[in-house]
Amino acid sequence: MVNYRFAVISDLHIALPQTVWNHPNRFHLVEVSIPALEIALQHLERLDLDFLLLPGDLTQHGEKENHQWLQKRLSALPFPTYVIPGNHDVPNLETTEAIIGFQDFPYYYQQFGYQDPNQLYYTQEILPGLQLIALNSNNFNSEGEQLGRLDEQQLTWLAQVLTQVQDKTVLVMIHHNVVEHLPAQAQHKLGQRYMLDDAKKLRKMLQSAGVKLVFTGHLHIQDIAQADGVYDITTGSLVSYPHPYRVFQLKTSPVKHLEVKSYHVQAVPGWENLQEVSRQWMGERSEPFMISLLTDSPLEIPSRKAKELVAKLRYFWADIAAGDTVFDFAHFPPLARKYLEQFGAITKEGVPNQIDNQAKILF
């Protein structure tokens, strides 16, 4: 019987104190990035893990010294770690004095998957019969705008890799979401930037190859979603409420399945009530987001009415981020109620389906 144990920590946004950007509207608390990571790693070091996955946004904004710090810290771990870049890790095509360039990323992480530093994606058999495919979903258009997309060269490479690993269990790691975790995420302007542009194409490739499990980040929520036979397990940010990370057990007996268990950093030095403060922090900064959600399509609620409703939605995004929340907006207008309740942990038929934090996935 195969029994592998591994963990996922996503969107670490590592920021050494001298690098912290103080944006007034940011949801995440980069101030706690290093102590929160230390607490999570101390726990994981006691679990006899086989490996750790970090699906992107390793640093606050691609700072060289933050990448250097993390590379050194990961080198001290007693288990292998595999990383990919998030949009925050490679914000620029070219290197600047403080920030790494797009092509620099693999050179910082040659011990953590990038055996060929000339390529931003890779594959490895990380345990007998277990293949990791680590994709780069960050690209730039001709105007230098950053996109969530797989280029044709990577897709060609992936198609070839998939033909070679059909006799193995395959895990895919990519930063952008490949399955919608929010209603109409791929169409809504607030959600689509977290989706891979060519998500449907990737899902079809994975489905044809019998690949079931994809691990993502970027969206900063705890959620498990499925489409085209592919499960997208997205893990919330370590520096955003509720400061989660996950531990998985992959077993082949009595049937092949993945057991999911989530943990949360409850406190760090100086932030002994981290969970409460972080939830309040997110609530205080959520109004612009919620106004946009209410006034844009499909609800298109007038601004005045939207402002009245927002007062009752202070913790809406925090509850989504936590996962497994079932919403009840019986006091809202019918259309708004129906739309907003879809963001909860329910099936399309309206039945509670609380699998975001603890689950058993048969595949």
Side-chain angles (χ1 to χ4, degrees), residues 8-13 53-59 61-62 67 82-93 100-106 108-109 112-114 116-124 131-162 170-182 185-207 209 211 213-221 223 225 227-228 230-237:
V8 170
I9 307 176
S10 194
D11 295 77
L12 290 64
H13 291 278
L53 302 179
L54 305 181
D57 277 1
L58 311 180
T59 59
H61 203 61
H67 279 298
Y82 302 94
V83 311
I84 53 171
N87 56 302
H88 279 265
D89 297 316
V90 287
N92 297 336
L93 266 174
I100 72 169
F102 185 46
Q103 298 297 333
D104 297 336
F105 183 87
Y108 284 82
Y109 298 101
F112 310 104
Y114 289 96
D116 177 3
N118 296 309
Q119 187 169 277
L120 280 133
Y121 43 90
Y122 59 91
T123 186
Q124 283 190 36
Q131 192 81 16
L132 173 65
I133 298 176
L135 300 175
N136 165 50
S137 56
N138 302 281
N139 278 287
F140 294 82
N141 63 18
S142 57
E143 287 76 42
E145 178 187 8
Q146 196 173 26
L147 308 171
R149 182 179 298 167
L150 302 178
D151 59 33
E152 287 303 318
Q153 183 178 356
Q154 186 173 186
L155 287 168
T156 300
W157 170 87
L158 176 60
Q160 182 178 7
V161 168
L162 290 173
V170 177
L171 309 180
V172 173
M173 180 168 60
I174 183 171
H175 187 59
H176 290 73
N177 304 146
V178 303
V179 177
E180 291 182 321
H181 294 278
L182 304 172
Q185 183 181 343
Q187 287 77 46
H188 199 286
K189 73 177 187 179
L190 292 176
Q192 61 188 188
R193 69 188 182 97
Y194 299 97
M195 287 290 298
L196 187 71
D197 280 359
D198 39 8
K200 185 175 291 187
K201 184 174 185 178
L202 175 59
R203 290 200 308 268
K204 291 297 184 184
M205 292 178 68
L206 298 180
Q207 182 185 39
V211 176
L213 301 176
V214 180
F215 299 87
T216 69
H218 197 26
L219 190 55
H220 289 207
I221 72 170
D223 195 76
D228 298 323
V230 174
Y231 287 92
D232 182 330
I233 302 167
T234 194
T235 300
S237 171

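Owing to the predicted nature of the structure, the values given are computational and were not obtained by experimental measurement. Position 1 is the first residue of the sequence; numbering continues from there.
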Open item on the list: Evaluate L53 against L132 for side chain to side chain contact (heavy atoms under 4.5 Å, CB included), listing each step before the verdict.
Closed with: CA-CA 10 Å; L53 302 179; L132 173 65; 4.0 Å; yes
Open item on the list: Counting C-beta onward and ignoring hydrogens, is there a side-chain heavy-atom pair between N118 and P106 closer than 4.5 Å?
Closed with: no
- [ ] Could you tell me the separation between the OG atom of S237 and the CD1 atom of I221, rounded to the nearest 0.5 Å?
- [x] 12.5 Å
Task: Reported CG-to-OG distance for the pair L150 and S137, which is rounded to 0.5 angstrom - done: 7.0 Å
- [ ] Please round to the nearest 0.5 Å and tell me the distance separating atom NE2 of H220 and atom CG of D11.
- [x] 3.5 Å
TODO: Could you tell me how the ring of F140 sits relative to the ring of F102: parallel (under 30°), tilted (30 to 60°) or perpendicular (over 60°)?
DONE: perpendicular
Open item on the list: Ignoring hydrogens, what is the shortest heavy-atom contact between D89 and I84? Give both atom names and the distance.
Closed with: OD2-O, 4.1 Å
Task: Partner of H218 by ring-ring contact (aromatic ring centres under 6.0 Å, His included), out of H176, H88, H13 - done: H176
- [ ] Quick one: closest heavy-atom pair of Y121 and Q153, and the distance?
- [x] OH-CG, 3.7 Å
Task: side chain to side chain contact (heavy atoms under 4.5 Å, CB included) evaluation trace for T59 with I100 - done: CA-CA 11 Å; T59 59; I100 72 169; over 6 Å; no
TODO: Could you go through the side chain to side chain contact (heavy atoms under 4.5 Å, CB included) check for D198 and L155 one step at a time?
DONE: CA-CA 10 Å; D198 39 8; L155 287 168; 4.1 Å; yes
Open item on the list: Just to verify, which of Y82, F105, Y109 counts as forming a ring-ring contact (aromatic ring centres under 6.0 Å, His included) with Y114?
Closed with: F105
TODO: Flag the pair V211 / I133 as yes when at least one side-chain heavy-atom distance between them is below 4.5 Å, and no otherwise.
DONE: no
Open item on the list: Checking H175 against N138: is there a side-chain donor and acceptor pair closer than 3.5 Å?
Closed with: no
TODO: Describe, in one word, how the ring planes of H67 and Y108 are oriented to each other, choosing from parallel (under 30°), tilted (30 to 60°) and perpendicular (over 60°).
DONE: tilted
TODO: Kindly compute the distance separating OG1 (T123) from CG (L135), expressed to the nearest 0.5 Å.
DONE: 9.0 Å
Open item on the list: In the structure I gave you, are the side-chain heavy atoms of N87 and D57 within less than 4.5 Å of one another anywhere?
Closed with: yes
TODO: Return yes if some donor-acceptor pair links the side-chain N/O of N177 with the main-chain N/O of G217 below 3.5 Å, else return no.
DONE: yes
Open item on the list: Would the distance check show the side chain of T235 and the main-chain N or O of S10 forming a donor-acceptor pair, the cut-off being under 3.5 Å?
Closed with: no
Open item on the list: If I compare all heavy atoms of T234 with all of H181, which pair ends up nearest, and what's the gap?
Closed with: CG2-CE1, 3.6 Å
- [ ] Could you tell me the separation between the CG atom of L54 and the CE atom of M173, rounded to the nearest 0.5 Å?
- [x] 7.0 Å
TODO: Under the salt bridge (charged side-chain N to carboxylate O under 4.0 Å, His left out) rule, what do D228 and K204 come out as? Steps first, then yes or no, please.
DONE: CA-CA 7 Å; D228 298 323; K204 291 297 184 184; 3.7 Å; yes
- [ ] Quick one: closest heavy-atom pair of F215 and P55, and the distance?
- [x] O-CB, 4.1 Å
- [ ] Scan M195, H188, Q192 and name whichever one has a side chain to side chain contact (heavy atoms under 4.5 Å, CB included) with E180.
- [x] M195
Open item on the list: Quick one, L182 and D223 - any side-chain contact, counting heavy atoms below 4.5 Å?
Closed with: no
TODO: Can you see which heavy atom on L58 is nearest to which on V83, and at what distance?
DONE: CD1-CB, 4.0 Å
Task: Nearest non-hydrogen partners of G62 and P91, listed with the distance - done: CA-CD, 4.1 Å
Open item on the list: Between R193 and E145, does the salt bridge (charged side-chain N to carboxylate O under 4.0 Å, His left out) criterion hold? Intermediate values first, please.
Closed with: CA-CA 12 Å; R193 69 188 182 97; E145 178 187 8; over 6 Å; no
- [ ] Give a yes or no on whether the backbone of V178 and the side-chain of R203 come within a donor-acceptor separation of less than 3.5 Å.
- [x] yes
